[in-house]
Undergrad: 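This is the structure I want to talk about, given as structure tokens.
Residue numbers start from 1 in every chain, and the chains themselves are labelled A, B, ... in the order their sequence lines are given, proteins ahead of strands. Just so you know, these numbers come straight off a predicted model, no measurement behind them.
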Amino acid sequence: MARIIVVTSGKGGVGKTTTSAAIAMGLAKKGHKTAVIDFDVGLRNLDLVLGCERRVVYDFVNVINNEANLNQALIKDKRCNQLYILPASQTRDKDALTKEGVGKVLEELSKTFKYIVCDSPAGIERGANLAMYFADDAFVVTNPEVSSVRDSDRMLGILSSKSKRAELDEEPIKEYLLLSRYDPKRVKLGAMLSVEDVQDILSLHLLGVIPESQSVLSASNAGEPIILDENSDAGQAYADIVDRYLGEDKPHRFIDEEKKGLFGRLFRS
Amino acid sequence: MSTDSQPISASSPAFEFKSGVITIPVLNLFSTDINVITHQLREKIKQAPEFFTNSSLLLDLSPLQDQELNLALLVDAIRNSGMRPIGVRGGTASQHQDAKDLMLPIMTSQNSISSKQAAPVKVEIPTQESSEPVASTTIASTVINQPIRSGQRIYVKGDLIIIAQVSAGAEVIAEGNIHIYGSLRGRALAGVQGDENAQIFCSDLQAELVSVAGNYRISEDLNESNRNTPVQIFLNNQALIIKNI
């Protein structure tokens, strides 16, 4: 049986798709057969971030409507043969998704895949609800600012009350916090919520902190998941997150500002 | 001497435009007889002079259904009664012209009421009935172990005990007492069926709103000394008391 991971946040623009692409690639690179599904029907982005937009023939909605089978729609990644992408439809909207259809696709994927990563759209409407409904684990992506934290909190409430596991009264979805676009310098200046602040508000297990990084934008534009950029701190942060998710005990990084030589250290409070 | 006569540098803004919402009384007019209106208005003002005197007032002409009205006389009469008309909504084009002549702005009448109410002015003077405390001893209390997240709403008949935080944007409501062993950042409403003996206890008060039997206080009105501390919240003679514990 596959493990279904939903990458969600409530708020838009916090890095769900970047995270989905990175996590899926990370799991696949560890040798686990992984599928990543774009639930953002109508605002298809995941294929761009993964650099396979030119190879899309059929999409998620085609499979749900039985216009294509899964093997026709799944795109095999060229960099890692364990990673498959199921793109969203750009010409439809979220109403094209049905609970039965999504359930059927996930069930079929579960037969051959180890991990299924669901890239949730923003909002708390149909697309986001269906992305999280069947999940086993939830990666809640949050930026260190109040509105993002508030929306994540709302999403956590929905995860614990409206998912399949909640409805069937099974063991609840495992929730993990991913704090993205973190800038220790601004935290120190008091211009950004700290890890502790966010954890205090959300009381959630922290899976990792992804630092604000220029390389994320250039990687997205180039269609390369950031996790493949081993030199970037954001890429390393995602690699750590995958390791931690798979059970490795890795210390948290990128929470404190980098030390600035002797003088910096002397004058640090 | 003016206190704000400090020179303001040319670069710093002297003002800013902001949109704001305030509630003002609306006078729905059912009669065009100025003597009748003035008489009834003065009777009303007598009932609660501190509420009405110098209060701004919006005149809603739409219930008149285009009947003729001497707006200038009416405004004069209202001003003499002590209230301050600040605008007009509804009414005919000629009434609007009169309003303009009187320098009264014309408001869009999206919410103008056309229902036929007996009283020309409707004032809600709080009349709290001291209802019998609801016996909550027979109703079992509810214990919740997980955080109440933003957007979630919990309603229980008896007491509510939460051994976790209540997030901002969440609402916990009980007919009895509420105990929160964690941060209260959302809203907590105890005794919602009128039990004035209901209380709220929480170990860290950061609430958006707390209420006991309908007597509430919002975050802005919380005493700073109560914030971020363990507190007990209860009613004493209709007054909401927040006490550090």
Side-chain angles (χ1 to χ4, degrees), chain A residues 6 8-12 14 120 122-126 128-129 132-133 135 138-163 165-167 169-177 179 193-194 196-206, chain B residues 18-19 140 142-157 160-174 178-189 200-210 218-222 224 226-231 244:
Chain A
V6 60
T8 187
S9 71
K11 194 171 186 297
V14 295
S120 171
I124 53 171
E125 281 77 40
R126 193 185 187 87
N129 278 329
M132 67 89 199
Y133 183 75
F139 287 10
V140 180
V141 185
T142 306
N143 287 169
E145 50 106 13
V146 282
S147 57
S148 174
V149 173
R150 170 78 64 95
D151 291 359
S152 293
D153 195 49
R154 176 87 168 103
M155 204 63 222
L156 286 162
I158 294 171
L159 285 169
S160 62
S161 59
K162 291 195 179 151
S163 64
R165 281 172 174 268
E167 281 177 10
D169 215 6
E170 292 174 349
E171 192 190 329
I173 295 177
K174 277 212 183 75
E175 300 154 346
Y176 301 95
L177 173 65
L179 198 56
L193 295 178
S194 70
E196 292 78 30
D197 292 338
V198 177
Q199 273 195 291
D200 183 42
I201 299 173
L202 292 180
S203 47
L204 204 59
H205 178 72
L206 179 71
Chain B
K18 282 190 130 177
S19 81
T142 311
V143 181
I144 296 174
N145 292 307
Q146 62 198 44
I148 314 296
R149 301 291 184 181
S150 186
Q152 286 184 317
R153 201 155 188 241
I154 310 285
Y155 186 103
V156 299
K157 286 206 171 297
L160 177 59
I161 300 159
I162 299 167
I163 311 169
Q165 62 174 3
V166 176
S167 291
E171 240 174 44
V172 291
I173 308 164
I178 299 177
H179 305 253
I180 300 162
Y181 299 96
S183 299
L184 168 60
R185 299 192 177 93
R187 297 167 169 230
L189 298 92
I200 302 170
F201 304 87
C202 78
S203 50
D204 174 21
L205 180 71
Q206 304 177 32
E208 292 172 349
L209 180 145
V210 287
I218 55 171
S219 175
E220 203 175 74
D221 301 334
L222 288 181
E224 283 308 314
N226 298 133
R227 219 182 277 272
N228 301 310
T229 56
V231 294
N244 289 352

Undergrad: How many angstroms lie between atom OG of B/S183 and atom CG of A/D200, to the nearest 0.5 angstrom?
TA: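 Going from OG on B/S183 over to CG on A/D200, the span is 5.5 Å.
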Undergrad: Above 12 or not: heavy atoms from other molecules or residues under 6.0 Å from CD of A/E167?
TA: yes
Undergrad: On a heavy-atom basis, which atom in A/D153 and which in B/A168 lie closest, and how many Å separate them?
TA: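 Looking at all heavy atoms of both residues, the closest pair is OD2-O, 4.1 Å.
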Undergrad: Taking atom CZ of B/R227 as the centre, does the number of heavy atoms from other residues, nucleotides or ligands within less than 6.0 Å exceed 12?
TA: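 It does: B/R227 CZ has more than 12 such atoms within range.
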Undergrad: Roughly how far apart are A/L202 CG and B/Q165 CD, rounded to 0.5 Å?
TA: 7.5 Å
Undergrad: To the nearest 0.5 Å, tell me how far B/I148 CD1 sits from A/L156 CG.
TA: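 Between atom CD1 of B/I148 and atom CG of A/L156 there are 12.5 Å.
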Undergrad: Between A/D151 and chain B, which part of the residue has a heavy atom less than 4.5 Å away: side chain, backbone, both or neither?
TA: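 It is neither, since no heavy atom gets under 4.5 Å.
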Undergrad: How long is the straight-line distance from CZ of A/R150 back to CZ of B/R185, given to the nearest 0.5 Å?
TA: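 One finds 10.5 Å between CZ of B/R185 and CZ of A/R150.
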Undergrad: Nearest 0.5 Å, please: how far is OG in B/S150 from CE in A/M155?
TA: 12.0 Å
Undergrad: Please classify the contact between A/L159 and chain B as side chain, backbone, both or neither, with a heavy-atom cut-off of under 4.5 Å.
TA: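 No part of A/L159 comes within 4.5 Å of chain B.
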Undergrad: Distance check, rounded to the nearest 0.5 Å: B/Q152 atom CD versus A/R154 atom CZ?
TA: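 So the gap between those two atoms works out to 8.0 Å.
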